[in-house]
**Q** 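Supplied in structure tokens, the structure appears directly below.
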Amino acid sequence: MADAETGYVNYCEILGVGEDPKPGEVRKVYRRKMKALVGEIARVEITQERRAHYLLEMAKLNAALCVLRDTAAREQYWNERKGLIALEEQWRQADGAGSDEADGLRRKFDARVRDFLSKYVEELMLDAGNDKECVDASHWDTAHERHAFRILRHYRHGLYQEILERLPYAGVTRPSIDWDERSRLAASILAERG
Amino acid sequence: MAKKTAGDGAAEKEVDPELTARATAKAVCDGDFVNFQFLFSPFSPARKDSPERFESEKFDHLLPDGDCQVAPAFRAALEVVRSEAVWGHIEQELEANRPARLPWELLLMLADNAVRLGKYASAAQAYELLRIRRRMQAVFFEQADAALEQGAVKKAVRGYLIATGLEYDYAGFPEPLPDVPDFQTRALMLHGEYPKTPEDCVALQEPAAFLRTALGYLLLDAGAAARIAERPVDTQVAFLKELVHQRDPEWREFVHRFREACDMMRDLGKRLTRSTKEDGDGATLAEEIEEQLGEDPRQVPALLTGRTVEGGEWWQYMKELAYEHPAAVLFVSRQLVGEVETLVPRYRADSPVPRELGLVTGAAGVHP
């Protein structure tokens with residue numbers, strides 16, 4: 001995935017299909033991947049970290065199936081995603097040029113990126129857990145859902161952070177960090193009372 | 001620095017730039033992210049278009065007192081505030097009719113001061129705004145690991161506490177915020193299920209498993225605990241000992257009470273052995289506690305916490321214990337006595353940890 005797209009969840013990539021897959025292909029790949037995942041979960045000892053990892057993987061596959069098997073839903077998702085990537089680029093260019101439009105574009109982008117991630121990460125993944133096809137293949141139940149709330153919100157913010165890292169600074173001027181100085185500072189802070 | 005005046009003659013407001021400079025330097029020196037942000041907010045007394053004034057008593061806390069003004073950290077911050085580029089930026093942001101862009105030089109200085117003062121939530125917020133929080137965590141972990149390699153356990157623990165203190169809770173609602181120590185909640189999760197067998201007790205886990213649990217609980221971060229768990233056992237024990245003391249400077253108070261509680265339990269154990277021999281009747285420890293402590297088996301947790309909670313449930317004592325002495329909950333377990341569930345002290349006699357923490361004396365200690 002190109003750097004400019006990092007953070008905008010890509011369900012085609014998650015499922016490993018092209019940008020315009022046939023519903024039959026989506027179902028076939030989904031079932032194969034979910035079967036492999038369920039088999040892997042049965043083989044390993046489940047720790048707290050692994051539970052979170054597998055639950056997230058399962059939720060991603062379920063969401064990918066739900067959004068990609070339906071042509072209208074897929075087109076809407078894909079258009080929103082492309083529109084958001086274009087808006088980010090527009091804001092970056094306006095900010096770089098010192099345009100007066102930059103602040104307005106920042107606000108618009110910020111609202112849309114939050115909306116996109118809420119809709120296509122948290123809400124879609126939780127809704128997919130109630131889909132019969134997903135429940136049959138992944139055995140998703142209320143226990144999964146209970147754990148998923150926190151894990152999905154964490155994942156959503158992780159994606160938001162990935163996007164934020166490359167955006168122009170808004171609440172603070174762009175810092176100039178000397179990482180050698182940072183290491184020395186950390187060492188001196190530890191030595192102060194160490 | 002020229003004085004600023006509001007254009008409206010009737011409601012003319014003057015802002016003394018010296019007060020703005022000193023208030024800004026104080027927030028930086030104190031590592032106070034909230035006050036720093038407030039100075040740039042629409043209601044800031046530093047803005048000439050705001051009705052608020054520094055002269056108001058309610059803003060006394062924003063201005064430095066005599067001790068603060070002579071502190072080296074304050075003077076260093078004031079010097080940066082007064083530098084031409086930074087002061088020019090501050091003036092520009094206070095006059096602009098839009099959300100302010102904070103000067104990064106001051107924000108970074110504020111974050112570093114906050115780390116020094118142990119205000120990790122404030123430091124985390126400032127580093128997060130600068131987008132260097134995760135990398136700063138990595139820097140502190142790196143320095144802490146290097147210190148541990150050299151046997152400087154105090155430094156290492158301090159580094160781990162700083163690094164984990166800078167953690168952010170991205171799943172926070174409605175917006176992500178710094179992760180804060182919540183031992184009262186974590187202690188209840190640790191003891192969430194009633195122990196049916198000794199292995200279910202945290203305190204009676206195998207030493208390796210106990211170390212993993214204890215480090216994860218006290219560092220509030222399973223990933224950080226895993227870094228320590230890769231080290232030799234004696235390093236882990238030394239690290240845990242120092243961690244307990246840095247988390248809880250009053251640990252010795254608990255040690256004293258824990259030993260008294262152990263004596264009480266040991267006495268009950270002796271009575272139980274005697275009564276079993278004499279009567280040939282297999283009374284349980286729970287029955288013996290019930291008999292000896294009369295109607296209130298909560299004497300044991302009251303002794304452990306140093307305070308009686310009227311009709312206190314086990315979880316109330318547990319939360320109080322976790323708040324006062326976070327590590328204490330690693331050495332207790334739930335115990336049903338009659339119809340009342342209470343807390344009792346527990347430890348493994350073959351584990352080096354209780355001895356290192358002063359909970360037991362002598363060669364092997366006694367397993368209550």
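Per chain, numbering begins at 1; letters A, B, ... match sequence-line order. Computed from a predicted model, the values in this text were never measured in an experiment.
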**Q** Start with the C-alpha distance between B/D169 and A/R150, add both sets of side-chain angles, then the distance that settles salt bridge (charged side-chain N to carboxylate O under 4.0 Å, His left out), and finish with yes or no.
**A** CA-CA 10 Å; B/D169 183 3; A/R150 189 172 178 80; 3.1 Å; yes
**Q** In terms of heavy-atom proximity below 4.5 Å to chain B, should A/A170 be classed as side chain, backbone, both, or neither?
**A** backbone
**Q** Is it the case that over 12 heavy atoms from other parts of the model lie below 6.0 angstrom from the CG atom of A/D141?
**A** yes
**Q** Need one label for B/E128: side chain, backbone, both or neither, based on atoms under 4.5 Å from any heavy atom in chain A.
**A** side chain
**Q** Pair A/R156, B/Y170 - check side-chain contact (heavy atoms from CB on, under 4.5 Å), show working.
**A** CA-CA 8 Å; A/R156 184 193 73 181; B/Y170 286 125; over 6 Å; no
**Q** For the CD atom on A/E162, are there more than 12 heavy atoms of other groups (residues, nucleotides or ligands in this structure) within a distance under 6.0 Å?
**A** yes
**Q** Please test B/K155 against A/E192 for salt bridge (charged side-chain N to carboxylate O under 4.0 Å, His left out), starting from the C-alpha separation and ending with a verdict.
**A** CA-CA 9 Å; B/K155 273 191 196 178; A/E192 278 169 22; over 6 Å; no
**Q** Can a cation-pi geometry be assigned to B/R131 and A/Y169, taking NZ or CZ under 6.0 Å from the six-membered ring centre and within 45° of the ring axis?
**A** yes
**Q** Which atoms of B/L130 are under 4.5 Å from chain A, going by heavy atoms: the side chain, the backbone, both sets, or neither?
**A** both
**Q** Is B/E79 atom CD crowded by more than 12 heavy atoms from other residues, nucleotides or ligands, each under 6.0 Å away?
**A** no
**Q** Using every non-hydrogen atom in the two residues, find where B/L102 and A/V172 come nearest and quote the distance to one decimal.
**A** O-CG2, 3.1 Å
**Q** Where on A/L164 is there a heavy atom nearer than 4.5 Å to chain B: the side chain, the backbone, both, or neither?
**A** both
**Q** Do other residues, nucleotides or ligands put more than 12 heavy atoms under 6.0 Å from B/R75 CZ?
**A** no
**Q** Output the option from B/E105, B/R135, B/M136 having the highest count of non-hydrogen pairs under 4.5 Å with chain A.
**A** B/R135
**Q** More than 12 heavy atoms of other residues, nucleotides or ligands under 6.0 Å from CZ of B/R252: yes or no?
**A** no
**Q** Is there side-chain contact between B/W104 and A/S176, with heavy atoms separated by less than 4.5 Å?
**A** yes
**Q** Relative to chain A, which segment of B/A152 carries a heavy atom at a distance below 4.5 Å: side chain, backbone, both, or neither?
**A** neither
**Q** Any residues in residues 179-186 of chain A near chain B, with a heavy-atom distance under 4.5 Å, and which are they?
**A** A/W179, A/R182, A/S183, A/L185, A/A186
**Q** Given the rule in the side-chain contact (heavy atoms from CB on, under 4.5 Å) test, do B/R133 and A/Q161 qualify, once you have shown the distances and angles that lead to the verdict?
**A** CA-CA 11 Å; B/R133 186 188 57 77; A/Q161 287 300 311; over 6 Å; no
**Q** Take atom CG in A/D100; do more than 12 heavy atoms of anything else shown fall under 6.0 Å from it?
**A** no
**Q** Is B/R227 atom CZ crowded by more than 12 heavy atoms from other residues, nucleotides or ligands, each under 6.0 Å away?
**A** yes
**Q** Taking the side chain from A/T173 and the backbone from B/P103, do they hold a donor-acceptor pair closer than 3.5 Å?
**A** no
**Q** Does the distance from a Lys or Arg side-chain N to an Asp or Glu carboxylate O, for A/D103 and B/R101, drop under 4.0 Å?
**A** no
**Q** Measuring from A/I189:CD1 to B/R116:CZ, what's the distance to the nearest 0.5 Å?
**A** 4.5 Å
**Q** Does anything in residues 139-148 of chain B reach chain A? List residues with heavy atoms under 4.5 Å apart, or say none.
**A** B/V139, B/F140, B/Q143, B/A144
